[in-house]
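In this text the structure is predicted, and so the values were computed from the model without any measurement. Sequence positions, counted from 1, serve as the residue numbers for this chain. Just so you know, these numbers use all the heavy atoms, side chains as well, and skip hydrogens, waters and symmetry mates.
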Amino acid sequence: MEANGKKIIVSLIIALLLGTSMGHAQSNNLYYARYNSQTNRGGRPIYYNQPYDRYKSDTSVADYSMEMEVLRLVNIERQKAGLAPFVHSEELSKVARTKSEDMARNNYFSHNSPTYGDPFSMIRSFGIQYRTAGENIAKGYSSAQSVMNGWMGSSGHRANILNPAFGKIGIGYANINGTSYWTQTFTN
């Protein structure tokens with residue numbers, strides 16, 4: 001009985017956290033990037049259905065849930081296009097989350113970070129090698145569905161999401177001072 005009580009309390013906390021992030025103004029602040037290089041060394045992926053406690057991060061359960069909802073929605077879009085689903089990469093998610101947090105903390109919205117440089121240099125600085133990489137960013141969207149609607153409504157973002165050369169994805173969400181920042185990082 002106690003285990004069920006704990007599950008209910010955790011579920012309520014998640015619902016409350018998700019509920020408080022709703023209602024922020026949406027915007028059309030979206031950017032995407034793509035790059036090709038010569039090397040490839042994939043990271044150790046984790047899959048969508050792995051439990052939160054296997055995910056090594058300071059990310060809250062609510063933020064992780066938002067990221068995993070984006071992954072679910074992205075893979076629905078890929079399935080509609082006849083593409084293989086993305087494999088979720090813990091390493092790429094660390095990059096994506098760090099980028100979202102960096103934009104929020106340093107008050108900028110750009111692919112070029114004052115801290116890490118361009119997205120491709122940033123990916124490499126985390127020890128990830130790749131042959132093809134890309135990045136989508138967004139600001140001001142309050143839910144996974146709203147940011148996905150924005151990305152899919154933009155030809156450049158949609159092209160990254162539906163790029164058959166990309167097989168791995170990392171997703172990062174940060175809400176700092178009431179503003180949501182989103183990053184998708186893609187590699188082969």
Side-chain angles (χ1 to χ4, degrees), residues 13-35 43-46 48 52-74 86 88-130 133-151 154 156-157 160-161 166 168-187:
I13 291 169
I14 290 170
L16 289 171
L17 288 172
L18 289 175
T20 59
S21 69
M22 303 305 242
H24 298 293
Q26 293 182 5
S27 68
N28 289 325
N29 295 322
L30 299 164
Y31 291 93
Y32 67 92
R34 274 185 293 242
Y35 179 76
R44 184 182 61 80
I46 64 170
Y48 171 66
Y52 174 74
D53 60 3
R54 294 257 350 256
Y55 194 74
K56 297 174 179 83
S57 172
D58 293 336
T59 306
S60 75
V61 173
D63 290 355
Y64 181 76
S65 293
M66 296 277 270
E67 293 168 0
M68 293 301 96
E69 179 63 6
V70 167
L71 176 63
R72 187 183 74 77
L73 295 169
V74 162
F86 278 120
H88 182 253
S89 166
E90 181 178 345
E91 288 80 10
L92 287 175
S93 285
K94 287 178 186 176
V95 174
R97 191 169 303 106
T98 301
K99 175 64 176 267
S100 292
E101 291 170 354
D102 185 54
M103 288 190 293
R105 289 195 175 102
N106 292 305
N107 196 29
Y108 74 95
F109 184 67
S110 171
H111 287 293
N112 292 317
S113 161
T115 309
Y116 299 98
D118 67 58
F120 317 109
S121 298
M122 184 174 181
I123 293 168
R124 284 191 298 272
S125 76
F126 278 71
I128 300 169
Q129 296 180 10
Y130 56 87
E135 177 182 81
N136 286 347
I137 58 175
K139 175 183 174 185
Y141 289 88
S142 62
S143 69
Q145 185 65 61
S146 66
V147 76
M148 277 301 296
N149 290 344
W151 279 329
S154 162
H157 298 96
N160 271 349
I161 290 167
F166 297 147
K168 295 179 185 175
I169 188 172
I171 302 159
Y173 168 77
N175 187 316
I176 297 176
N177 297 325
T179 302
S180 296
Y181 292 84
W182 300 84
T183 304
Q184 291 177 323
T185 305
F186 311 95
T187 64

_When you compare the side chain of Phe186 with that of Ile161, does any pair of heavy atoms fall below 4.5 Å?_
yes
*Quick one: do Glu91 and Lys94 make a salt bridge, cutoff under 4.0 Å?*
no
*asked:* Could you check whether atom CG of Asn106 has more than 12 heavy atoms from other residues, nucleotides or ligands sitting under 6.0 Å from it?
replied: yes
*Under the salt bridge (Lys or Arg N to Asp or Glu O under 4.0 Å) rule, what pairs show up with a residue in residues 102-115, not counting sequence neighbours?*
Glu101-Arg105
*Decide side-chain contact (heavy atoms from CB on, under 4.5 Å) for Glu69 and Met148; before the verdict, give the C-alpha distance in whole Å, the side-chain angles of both, and the deciding distance to 0.1 Å.*
CA-CA 10 Å; Glu69 179 63 6; Met148 277 301 296; over 6 Å; no
*Which pair of heavy atoms, one from Trp182 and one from Ser100, lies closest together, and at what distance?*
C-OG, 3.5 Å
*Among Leu92, Val74, Val147, Leu71, find the residue that satisfies the side chain to side chain contact (heavy atoms under 4.5 Å, CB included) test when tested with Gln184.*
Val74
*Verify whether one side chain among Ser113 and Tyr108 offers a donor that lies under 3.5 Å from an acceptor in the other.*
yes
*Taking side-chain hydrogen bond (donor to acceptor under 3.5 Å, both in side chains) as the test, write out the residues that go with Thr187, two or more places apart.*
none
_Point-to-point distance, once rounded to the nearest 0.5 Å, from CD of Glu90 to CZ of Arg97_ = 9.0 Å
*asked:* Rounded at 0.5 Å granularity, tell me how far NE2 in His111 sits from CD in Glu135.
replied: 5.5 Å
*Just by modelled atom types, is the Gly172 backbone N or O under 3.5 Å from a matching donor or acceptor in the Thr183 side chain?*
no
*When the ring planes of Phe109 and Tyr181 are compared, do they come out parallel, tilted or perpendicular, using 30° and 60° as the limits?*
tilted
*How far does OG of Ser143 sit from CG of Asn149, to the nearest 0.5 angstrom?*
7.5 Å
*Those residues that, when tested against Asp118, pass side chain to side chain contact (heavy atoms under 4.5 Å, CB included) (two or more places apart)*: Asn112, Phe120, Ser121
*With Thr98, which residues qualify under side chain to side chain contact (heavy atoms under 4.5 Å, CB included), at least two apart?*
Tyr116, Met122, Phe126
*Output every pair passing salt bridge (Lys or Arg N to Asp or Glu O under 4.0 Å) with a member in residues 175-186, not counting sequence neighbours, ordered by first then second residue.*
none
*Measure the spacing between OH of Tyr173 and CD of Glu67 and express it to the nearest 0.5 Å.*
9.5 Å
_Measuring from atom CE of Met103 to atom CD1 of Ile137, what distance do you get when rounded to the nearest 0.5 angstrom?_
4.5 Å
*CD1-CG distance between Ile171 and Asp63, expressed to the nearest 0.5 angstrom*: 13.0 Å
